[in-house]
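To find a chain, count down the sequence lines: A is the first, B the second, and so on, and within it residues start at 1. It should be emphasised that the depicted structure is a prediction, and the values quoted were computed from it without experimental measurement. Hydrogens, waters and symmetry mates play no part in the numbers below; they use all other heavy atoms, side chains included.
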2 protein chains.
Amino acid sequence: MYRYPYPHPAVATDVAIFTLRDGALAVLLIRRKGEPFEGAWALPGGFLKEDEDLDACAARELSEEAGLSAGVLQHFGNFSAPERDPRERVISVAYFALVSSDRVTPEAGSDAAEARWFAISSLPALAFDHTEIVQRALVALRSGLLTSDILLALLPARFTLSSLQEAFEAVSGEAADKRNFRKRIIGSGIVRESDEFERGSHRPARLYERAV
Amino acid sequence: MYRYPYPHPAVATDVAIFTLRDGALAVLLIRRKGEPFEGAWALPGGFLKEDEDLDACAARELSEEAGLSAGVLQHFGNFSAPERDPRERVISVAYFALVSSDRVTPEAGSDAAEARWFAISSLPALAFDHTEIVQRALVALRSGLLTSDILLALLPARFTLSSLQEAFEAVSGEAADKRNFRKRIIGSGIVRESDEFERGSHRPARLYERAV
DNA sequence: CCAAAAGTGTTACTCGTACACCCATGT
DNA sequence: ACATGGGTGTACGAGTAACACTTTTGG
């Protein structure tokens, strides 16, 4: 038993883990085992341990619950309404993570299991205030798209410019002009050419990789 | 005594309250009364109460410790290193606030007292990790300058474009071109003309006010 | 030879930036 | 009259957005 002269809230991190599935942005949800919200879908998350800081807690949740380490793991907000958890007071420190589609286990127990990817266009009702958390995660994710290299975290180490553009469009929700997109990416210096090509029933596509 | 089966950290908000003094950006610091860091300068802050959320806690700290209500009060980060407070584990949720220079009590007990404004160019050593918190507050504040109306919170309800430009330069640390600055502000629609003028030993300056 | 995606330039427009002089008041 | 800050326009360059056809492979 831990005792304090004043009330202390519990502190947890919740992580919205995004990836691309079939060209659409998807988020990982787990099915809750216990009360409250038993059986409901929720974001993976867990309580802060004594010897770790919040970033480490989020990273641990990511690897424990999803078996992944992310290219991007970023704090975007706190959720602290007094009654958001009916058991006791819980402060939720929210992160979003982006993981490469080639590290995602294809159907990771998707049939009747505990963890599943959901396209963001068709989310179920979520436990607690997690629906709001996901919405806020999307806003934070989109707001930093243009000026950053976070998109690369959604792709394998080598990727075509077309797949990068697909990733951009899946996240931003808007179509982009092919020539302008390529100009911007090449000009920004965040990627460099490799010598390899991806083959298919069409002209081979040059593979690029993260610069530096 | 409050008891929990697992360890719970204390949760507090710390608020970097900025204003303009003599044309320079200044932050409010209080002198600590008790251990640890007794007598050292620190950001105002306090523990989260049971019935308030984090935003309300920060707003309460702002009004309790500074006697002010701010035009802007914005979360910008969490500080959670396990040993950042030697007494017990404390998670600090950090906010910055901007208050109008005309609401600032001119020398608010500044002589030998507990609270004082410090120009950000000459901060003393601070308690805990508060030096880092102030630095991060400045980065967050500056990053949102151009596309927002937060600067208006530093000024009285009516202000001249020159004083707005001074505020911009004090926060950003860089000089701006007068004509371009005015074009941008007028074009953005965040201010509108009033019919009044400020008089001095020069041509009268039109007063503006927040639009909408 | 047909389908499918890759790759490639130019033009128009918008936006940001650099820059200097006259104006209205107080003293 | 002079000192002080207020107020104004233009020209150039950079960056962004619109736009369509040829190339290379697999089937």
Under the salt bridge (Lys or Arg N to Asp or Glu O under 4.0 Å) test, residues paired with [X] that sit two or more places apart:
| X | result |
| --- | --- |
| A:Glu64 | A:Arg60 |
| B:Arg192 | B:Glu209 |
| A:Glu193 | A:Arg206 |
| B:Asp149 | B:Arg210 |

Any residue of residues 167-179 of chain B with a heavy atom less than 4.0 Å from an atom of DNA chain D: B:Lys178, B:Arg179
Whether B:Phe168 and B:Phe181 hold their rings parallel, tilted or perpendicular, with breakpoints at 30° and 60°: tilted
Boundaries of the chain B footprint along DNA chain C (any atom under 4.0 Å from a heavy atom):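 Both ends considered, the range comes out as C:dT17 to C:dG26.
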Heavy atoms of other groups near B:Glu83 CD, more than 12 under 6.0 Å: no
Span of DNA chain D, from the first to the last nucleotide whose atoms fall under 4.0 Å of chain A heavy atoms: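 Contact span on the strand: D:dA17 to D:dG26.
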Set of residues satisfying side chain to side chain donor-acceptor pair (under 3.5 Å) with respect to [X], sequence neighbours excluded:
| X | answer |
| --- | --- |
| A:Asp102 | A:Ser100 |
| A:Glu166 | none |
| A:Asp85 | A:Arg87 |

A:Pro204 versus A:Arg199, closest heavy-atom pair with distance: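 Heavy atoms of A:Pro204 and A:Arg199 come nearest at CG-NH1, 4.4 Å.
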Pairs meeting criterion side chain to side chain donor-acceptor pair (under 3.5 Å) with involvement of residues 125-137 of chain A, two or more places apart: A:Arg84-A:Asp129
Any residue of residues 188-212 of chain B with a heavy atom less than 4.0 Å from an atom of DNA chain C: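 Close to the strand are B:Arg199, B:Gly200, B:Ser201, B:His202, B:Arg203, B:Pro204.
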Sugar-phosphate, base or nothing in reach of B:Ser162, heavy atoms under 4.0 Å: sugar-phosphate
Centroid-centroid distance, A:Phe159 to A:Tyr208, less than 6.0 Å: no
